[in-house]
Amino acid sequence: MMTTEGRSRRTMRVDVSYTPGDRPFVMARIAAGTLDYSDFRPAATAPADASGETASAPDNCGLDLSALRNIDADIELRANALQASDAIARDVVMAAKLQNGQLDTSVSSGQIAGGSLTASMLMDVNADIPQSSGSLNLASIDIESLMSLAGQAAPATGRLSTQLQYSFRGADADAIRDSVNLRGNVSIADWRIELPQLEAFAGPGAGVVDMLNATAQIQDVLQPLSLTGTARLNGEAVSFSTSLALSDLLWGQPVGVAVGFKSQPLNANFSGTVAPNGATSGKADISAASLSRTLGWFGQDTGTPLGQFAFSGGISVSSAELAMTDATIALDDMHAKGLLSLATTGKPKITAALSVDTLDFSKLIGAGGGDANAAAAGSGPAAIDLSILRQFDADIRLDANQLGYG
């Protein structure tokens with residue numbers, strides 16, 4: 001038996017035995033109070049090269065585990081608490097059993113980040129390429145506390161739960177990525193995420209997604225992942241569903257994806273592919289009971305009442321262009337077919353070639369009948385602000401069967 005005392009005066013009891021032989025055997029039992037990760041973390045140093053610059057380690061380091069084939073071991077650590085910065089995991093048990101080249105490890109915590117954790121891994125190191133399988137079960141883990149325990153800042157708040165089984169081959173990042181398989185589910189509850197990019201587009205207060213609850217179902221990395229959920233975005237309740245090829249995502253390939261989005265202001269569906277660089281192509285269907293309300297939800301105000309809207313057609317998005325092909329567009333009783341594109345490099349340019357059944361200018365400039373006409377009669381014709389036309393170039397060609405005004 002050996003007892004040690006760290007610099008923060010935390011004690012632990014260590015019982016170790018070693019049995020020599022053809023297959024040496026190591027047994028260790030460690031019981032500790034509170035362990036502070038900072039007491040055991042090595043200093044982050046790297047040797048400098050001849051130029052005086054710090055040398056960087058290779059991205060992927062394959063581990064040589066062959067030595068584990070020739071020794072057996074049974075090691076267990078029990079700690080009342082494991083602390084990293086302000087985060088604390090309590091009732092921690094870590095165990096590792098090694099026998100005949102089979103390494104069976106597990107870790108559990110009855111109280112970690114507001115929830116609990118149970119994980120295991122069985123690794124066979126007898127083959128030249130190790131094979132591993134295991135599970136990861138998290139129950140109602142607070143994401144901020146979990147990231148703090150890992151020494152990272154969380155981009156969101158909320159709780160995370162998993163019931164996952166996994167397997168992979170190899171001991172370096174590339175081999176694991178190329179061979180990993182997953183089965184189970186991942187769920188998030190009451191998440192809140194701040195997206196400044198969305199606020200810049202949709203206006204103040206729109207950059208927060210809250211009340212986000214979602215569940216991902218994974219059957220196999222070669223099968224589409226199913227993700228469904230609800231959230232609140234810019235004051236509106238939304239629901240969504242997504243199906244995507246997880247293997248394409250892991251291997252850095254264009255990802256086949258199907259997305260459904262429902263809310264009071266807007267309903268949308270998309271089916272297509274998304275490339276690693278963000279380029280997107282596929283078919284989209286969009287509908288809105290009131291286009292004015294939808295645009296207002298995104299922080300845009302046309303100054304013109306716009307009614308029921310629908311779009312269906314091919315869509316592609318890149319860093320340089322947004323293009324819509326074979327498009328069918330409806331705005332109230334006006335219908336159009338054709339193509340549209342928006343070049344986003346330099347000064348924006350709109351290009352369109354549309355065939356329209358009836359083009360009613362009164363609806364487009366807000367001069368409809370009823371109360372609007374009465375108001376206009378009392379105050380005179382409203383001035384049309386054309387200053388927006390200075391902001392872009394356009395080449396728009398319309399083939400209309402009928403033109404009208406009111």
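When reading the values below, keep in mind they use all heavy atoms of this one structure, side chains included, and skip hydrogens, waters and symmetry mates. It should be emphasised that the depicted structure is a prediction, and the values quoted were computed from it without experimental measurement.
Side-chain N or O atoms of Asp326 include none that pairs as donor or acceptor with a backbone N or O of Gly314 at under 3.5 Å. Remark: side-chain polar atoms of Thr105 are paired, donor with acceptor, to backbone N or O of Met121 under 3.5 angstrom. In this structure a side-chain-to-backbone donor-acceptor pair under 3.5 Å is present from Ser109 to Arg90. The closest donor-acceptor contact from the side chain of Asp142 to the backbone of Arg159 lies at 3.5 Å or more, if one exists at all. Using modelled atom types, no side-chain atom of Ser116 and backbone atom of Ile112 make a donor-acceptor pair closer than 3.5 Å. Between the Thr162 side chain and the Leu136 main chain, a donor and an acceptor come within less than 3.5 Å of each other. With hydrogens and angles disregarded, no donor-acceptor distance shorter than 3.5 Å links the side chain of Trp191 to the backbone of Ala231.
Sorted by first and then second residue, the salt bridge (charged side-chain N to carboxylate O under 4.0 Å, His left out) pairs involving residues 270-289 (not counting sequence neighbours) are Lys283-Asp285. Annotation: salt bridge (charged side-chain N to carboxylate O under 4.0 Å, His left out) contacts involving residues 179-190, sequence neighbours excluded, are absent. The stretch residues 209-238 participates, sequence neighbours left out, in these salt bridge (charged side-chain N to carboxylate O under 4.0 Å, His left out) pairs: Glu236-Arg293.
Nearest heavy-atom pair across Ala336 and Val356 is CB-CG2, 3.9 Å. In this structure, Leu225 and Ala216 approach most closely via the heavy-atom pair CD2-CB, 4.2 Å. Minimum interatomic distance between Gly260 and Asn269 (heavy atoms only, all atoms of both residues): CA-OD1, 3.5 Å. The heavy-atom pair separating Leu164 from Asn137 by the smallest distance is N-OD1, 3.7 Å. The two residues Ile143 and Ala156 come nearest to each other via the heavy atoms CG2-O, 3.3 Å. The heavy-atom pair separating Asp357 from Asp333 by the smallest distance is OD2-O, 4.2 Å.
Under a cut-off of 6.0 angstrom, the local environment of CE in Met211 is sparse, with at most 12 non-hydrogen atoms contributed by other residues, nucleotides or ligands. Shown here is Ile129, whose CD1 atom has no more than 12 heavy atoms of other residues, nucleotides or ligands within 6.0 Å.
A salt bridge links Arg397 to Asp395: at least one charged side-chain nitrogen sits closer than 4.0 Å to a carboxylate oxygen. In summary, Asp74 and Arg29 engage in a salt bridge, as defined by a charged side-chain N under 4.0 Å from a carboxylate O.
Atom CG of Leu98 is separated from atom CZ of Phe25 by 9.5 Å, given to the nearest 0.5 angstrom. A distance of 5.0 Å separates CD of Gln83 from CG of Asp36, quoted to the nearest 0.5 Å. Between the CD1 atom of Ile141 and the CD1 atom of Ile188 there is a distance of 14.5 Å, given to the nearest 0.5 Å. Atom-to-atom distance recorded for Leu65:CG and Met123:CE is 5.5 Å, nearest 0.5 angstrom. One distance of note links CZ of Arg23 with CG of Asp72; it measures 4.0 Å at 0.5 Å rounding. Rounding to the nearest 0.5 Å gives a distance of 10.0 Å between NZ of Lys262 and OG of Ser287.
Here Glu76 pairs with Arg78 under the side chain to side chain donor-acceptor pair (under 3.5 Å) rule; sequence neighbours left out. Not counting sequence neighbours, Asn267 has no partner by the side chain to side chain donor-acceptor pair (under 3.5 Å) test. Annotation: side chain to side chain contact (heavy atoms under 4.5 Å, CB included) contacts of Ala189 (sequence neighbours excluded): Asn213. Every residue two or more places apart in sequence or in another chain that forms a side chain to side chain contact (heavy atoms under 4.5 Å, CB included) with Asn126 is listed here: Arg69, Gln102, Asp124. Taking the side chain to side chain contact (heavy atoms under 4.5 Å, CB included) definition, one finds that Gln131 meets it with Arg169, sequence neighbours left out. In this view, Ser120 and Ser135 satisfy the side chain to side chain donor-acceptor pair (under 3.5 Å) rule, not counting sequence neighbours. Ser66 meets the side chain to side chain donor-acceptor pair (under 3.5 Å) test with Asp64; sequence neighbours excluded.
Remark: of the listed residues Thr351, Thr325, Ile329, Ile329 is the sole one forming a side chain to side chain contact (heavy atoms under 4.5 Å, CB included) with Leu340.
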Tabulate below the donor-acceptor pairs under 3.5 Å that side-chain atoms of residues 272-282 make, not counting sequence neighbours, or state none.
{"unit_1": "Thr273", "atom_1": "OG1", "unit_2": "Ser281", "atom_2": "OG", "d": "3.4"}
{"unit_1": "Asn277", "atom_1": "OD1", "unit_2": "Ala279", "atom_2": "N", "d": "3.0"}
{"unit_1": "Thr280", "atom_1": "OG1", "unit_2": "Gly278", "atom_2": "O", "d": "3.1"}

Exercise answer: donor-acceptor pairs, residues 238-250 side-chain atoms, under 3.5 Å, sequence neighbours excluded:
{"unit_1": "Ser247", "atom_1": "OG", "unit_2": "Val221", "atom_2": "O", "d": "3.3"}

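Within the 4.5 Å cutoff, no side-chain heavy atoms of Phe309 are placed close to those of Thr294. Residues Leu322 and Ile315 form a side-chain contact, since some pair of their non-hydrogen atoms from C-beta on lies under 4.5 Å apart.
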Query - CA sep, side-chain torsions, deciding dist, call: Asp332, Met334, side-chain contact (heavy atoms from CB on, under 4.5 Å) - result: CA-CA 6 Å; Asp332 287 332; Met334 292 186 292; 5.9 Å; no

Report task. With side-chain contact (heavy atoms from CB on, under 4.5 Å) as the test, would you mind laying out the steps for Val186 and Leu160 before giving the verdict? Result -> CA-CA 8 Å; Val186 179; Leu160 171 69; 3.7 Å; yes

